[in-house]
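As structure tokens, the structure follows; a few thoughts come after it.
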Amino acid sequence: NDTFSFDNPRYGYTNVVKKWAVRFSNHGEFIHENNDNAANIGKNNTSHGCANLLEADAKAYYDSAMIGDPVEVTGSITTLPAQFDWYDWQIPWDQWKSKSAIK
């Protein structure tokens with residue numbers, strides 16, 4: 001489906017339809033078109049967890065993304081709790097290797 005309806009009553013919006021939405025976590029984060037936010041894209045953090053793109057960029061990403069593609073979010077001031085499905089990806093590689101039974 002090339003459109004997705006977003007709801008987040010905490011931030012005052014329901015049934016906001018955006019194009020080319022690609023989910024990158026099971027916690028509700030997406031990469032999607034948001035031309036309504038065009039003035040802020042690449043300049044100001046105005047999202048509530050999603051990565052906003054201009055429509056042409058969002059479609060190009062949607063058309064090329066594959067299940068399992070890693071997504072790295074940088075520049076966020078949020079620290080995520082160690083409880084969701086993506087937590088393994090938050091562990092630095094050296095710390096991850098130290099958990100291995102193979103030394």
Side-chain angles (χ1 to χ4, degrees):
N1 190 355
D2 61 3
T3 62
F4 191 85
S5 177
F6 292 90
D7 297 301
N8 194 332
R10 176 180 176 185
Y11 293 105
Y13 61 89
T14 57
N15 196 30
V16 174
V17 177
K18 294 297 173 187
K19 296 177 185 175
W20 316 118
V22 176
R23 181 188 302 265
F24 66 90
S25 85
N26 289 331
H27 188 250
E29 289 82 16
F30 287 79
I31 297 169
H32 64 78
E33 165 275 326
N34 192 354
N35 279 355
D36 296 334
N37 194 32
N40 290 305
I41 293 174
K43 297 177 183 137
N44 298 302
N45 182 3
T46 55
S47 173
H48 298 112
C50 291
N52 296 173
L53 297 174
L54 297 175
E55 186 170 352
D57 296 328
K59 182 173 185 336
Y61 180 73
Y62 181 91
D63 288 344
S64 68
M66 296 176 61
I67 293 173
D69 280 350
V71 173
E72 182 177 358
V73 177
T74 62
S76 176
I77 60 171
T78 301
T79 301
L80 301 172
Q83 63 188 24
F84 298 109
D85 61 321
W86 33 257
Y87 176 66
D88 291 351
W89 293 98
Q90 292 181 257
I91 299 172
W93 181 240
D94 287 337
Q95 183 181 348
W96 179 259
K97 288 190 304 185
S98 73
K99 295 177 180 299
S100 174
I102 302 171
K103 299 292 180 187

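It should be emphasised that the depicted structure is a prediction, and the values quoted were computed from it without experimental measurement.
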Review point. By side-chain hydrogen bond (donor to acceptor under 3.5 Å, both in side chains), which residues pair with Asn37, not counting sequence neighbours?
Key: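 If we apply the side-chain hydrogen bond (donor to acceptor under 3.5 Å, both in side chains) test to Asn37, skipping adjacent residues, the hits are Asn40, Thr46, Asn52.
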
Check your understanding: Can you name the residues that form a side-chain hydrogen bond (donor to acceptor under 3.5 Å, both in side chains) with Lys19, not counting sequence neighbours?
Key ->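 If we apply the side-chain hydrogen bond (donor to acceptor under 3.5 Å, both in side chains) test to Lys19, skipping adjacent residues, the hits are Glu55.
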
Check your understanding: What salt bridge (Lys or Arg N to Asp or Glu O under 4.0 Å) pairs are there with at least one residue in residues 34-54, not counting sequence neighbours?
Key ->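 Listed by first then second residue: Lys18-Asp36.
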
Check your understanding: In chain order, what residues pass the salt bridge (Lys or Arg N to Asp or Glu O under 4.0 Å) check against Asp69, with sequence neighbours excluded?
Key ->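 In terms of salt bridge (Lys or Arg N to Asp or Glu O under 4.0 Å), with neighbours along the sequence ignored, Asp69 is linked to no residue.
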
**Study point:** Point-to-point distance, once rounded to the nearest 0.5 Å, from CD of Glu33 to SG of Cys50
**Key:**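 It comes to 11.5 Å.
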
Review point. Measuring from Asp2:CG to Lys59:NZ, what's the distance to the nearest 0.5 Å?
Key: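 Going from CG on Asp2 over to NZ on Lys59, the span is 8.5 Å.
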
Point to revise | For Tyr62, the option from Phe30, Phe24, Trp20 that meets ring-ring contact (aromatic ring centres under 6.0 Å, His included) | key: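 Exactly one pass, corresponding to Trp20.
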
Check your understanding: If you link I, L, V, M, F, W and Y whenever their side-chain heavy atoms are under 4.5 Å apart, who else ends up in the same group as Ile41?
Key ->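 Besides Ile41, the hydrophobic cluster comprises Leu54, listed by chain and residue number.
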
Practice item. Can you see which heavy atom on His32 is nearest to which on Ala58, and at what distance? Key: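 Minimum heavy-atom separation between His32 and Ala58: C-CB, 4.0 Å.
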
Please set out all donor-acceptor pairs under 3.5 angstrom arising from side-chain atoms of residues 5-12, sequence neighbours excluded.
| unit_1 | atom_1 | unit_2 | atom_2 | d |
| --- | --- | --- | --- | --- |
| Ser5 | OG | Asn15 | OD1 | 2.8 |
| Asp7 | OD1 | Asn15 | N | 2.4 |
| Asn8 | OD1 | Arg10 | N | 3.3 |

